[in-house]
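First the structure, in the form of structure tokens, and then the observations on it.
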Amino acid sequence: MRGLSTPELLSIWDQGHGLSPGGRAMLVLTTACPEYTRRHMDSFSIGERDALLAHVRARTFGGAVQAIVTCPACGAMGEVTVDVRSVFPDAAQPGSRNAISRLPMRVAAGDFTVQAVAPTVRDVEAIASTETQEEGVRMLLRRCILRAEKRGNHCEVDDLPREICALLEDRMAEADPQGDVHLSIRCPGCDHHWPVPFDIVTYFWSEIHLAARRLLRDIHVLASAYGWRESDILTLSEARRRIYLEMVSG
């Protein structure tokens with residue numbers, strides 16, 4: 001695992017247009033984590049993928065992430081800074097490739113019994129094109145449920161009641177806690193505590209987007225001033241690029 005280089009940031013941003021959030025995440029990981037095959041990463045849980053992505057982000061832009069939040073109790077706005085590596089402490093390591101498991105889980109309620117496995121990156125990406133959330137949830141359940149029974153007889157997944165589907169979703173979330181991360185926020189004004197969802201895929205991609213746009217502006221300025229090619233400008237360190245830009249603007 002390593003951080004993304006300047007040319008890689010621009011290339012990933014360019015290739016990521018039109019991809020789903022999951023597709024963008026995998027684009028980053030296949031670049032930054034050559035020790036994993038794409039097939040292996042497709043078998044990650046969402047939490048395993050996001051933990052790895054968070055540590056790539058830390059090696060690219062640093063560990064600190066910042067956000068502006070509004071207290072739901074008193075309405076005060078504040079800035080929150082956390083270390084993304086502490087939010088996702090359990091990043092997959094090359095030596096633990098065999099540790100990833102999809103052990104079956106069993107859920108029972110009323111007349112229904114379901115045996116299922118937790119969803120993988122491949123499963124979640126397969127539902128990215130569904131039109132509604134309900135349709136996506138149903139498709140995900142069909143991919144993850146190994147067996148469904150009603151009073152001991154086979155039952156179609158689409159015939160399962162909402163109650164048992166909700167129980168199964170809860171069990172899946174428990175099996176992959178890093179797949180749905182919330183930051184615990186405390187308001188310094190009124191001491192109110194509340195959870196805020198944190199999506200590392202969206203956050204990291206927004207940073208890549210901003211970095212790419214800044215790079216393109218820098219390339220435009222330096223190419224116009226010196227006649228350099230884009231590839232030449234991208235080989236410059238950040239410090240040297242800033243100095244040349246200061247000379248042009250000065």
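By the 30° and 60° cut-offs, the orientation of the rings of Tyr226 relative to Trp228 is parallel. Classified by interplanar angle (parallel below 30°, tilted 30° to 60°, perpendicular above 60°), the ring pair Phe88/Phe198 is tilted. The aromatic rings of Trp13 and His209 sit tilted, their planes meeting at an angle between 30° and 60°.
A salt bridge links Glu8 and Arg2; the closest N-O separation between the charged side-chain nitrogens and carboxylate oxygens is under 4.0 Å. Salt-bridge check for Asp218 with Arg214: failed, with every basic side-chain N at 4.0 Å or more from each acidic carboxylate O. Between Asp42 and Arg39 there is no salt bridge, since no side-chain nitrogen of the basic residue lies less than 4.0 Å from a carboxylate oxygen of the acidic one. Salt bridge status for Lys150 with Asp111: absent, with no side-chain N to carboxylate O gap under 4.0 Å. For the pair Glu169 and Arg171, the salt-bridge criterion is not met [side-chain N within less than 4.0 Å of a carboxylate O].
Val181 places none of its side-chain heavy atoms less than 4.5 Å from the side chain of Ile200.
Here the rule is side-chain hydrogen bond (donor to acceptor under 3.5 Å, both in side chains) with Ser45, and of Asp176, Asp123, Asp50 only Asp176 fits it.
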(message) Let's go through Ser231 and Leu234 carefully: what are the C-alpha distance in whole Å and the side-chain angles of both, what is the deciding distance for side chain to side chain contact (heavy atoms under 4.5 Å, CB included) to 0.1 Å, and is it a yes or a no?
(response) CA-CA 5 Å; Ser231 58; Leu234 289 176; 5.8 Å; no

(message) Applying side chain to side chain contact (heavy atoms under 4.5 Å, CB included) to His192 and Cys74, what does each step give before you reach the verdict?
(response) CA-CA 8 Å; His192 177 69; Cys74 69; over 6 Å; no

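Val137 and Leu160 fall within a single hydrophobic cluster, where Ile, Leu, Val, Met, Phe, Trp and Tyr are joined by side-chain heavy atoms under 4.5 Å apart, directly or via other members. Using a 4.5 Å cut-off between side-chain heavy atoms of Ile, Leu, Val, Met, Phe, Trp and Tyr, with links allowed through other members, Phe61 and Leu210 fall into different hydrophobic clusters.
The shortest heavy-atom contact between Arg138 and Val157 is NH1-O, 2.9 Å. Cys187 and Ala76 make their closest contact through SG-CB, 4.5 Å (heavy atoms, listed as atom of the first residue, atom of the second, distance).
Arg57 places a side-chain N or O within donor-acceptor distance of the main-chain N or O of Gly62, the cut-off being under 3.5 Å.
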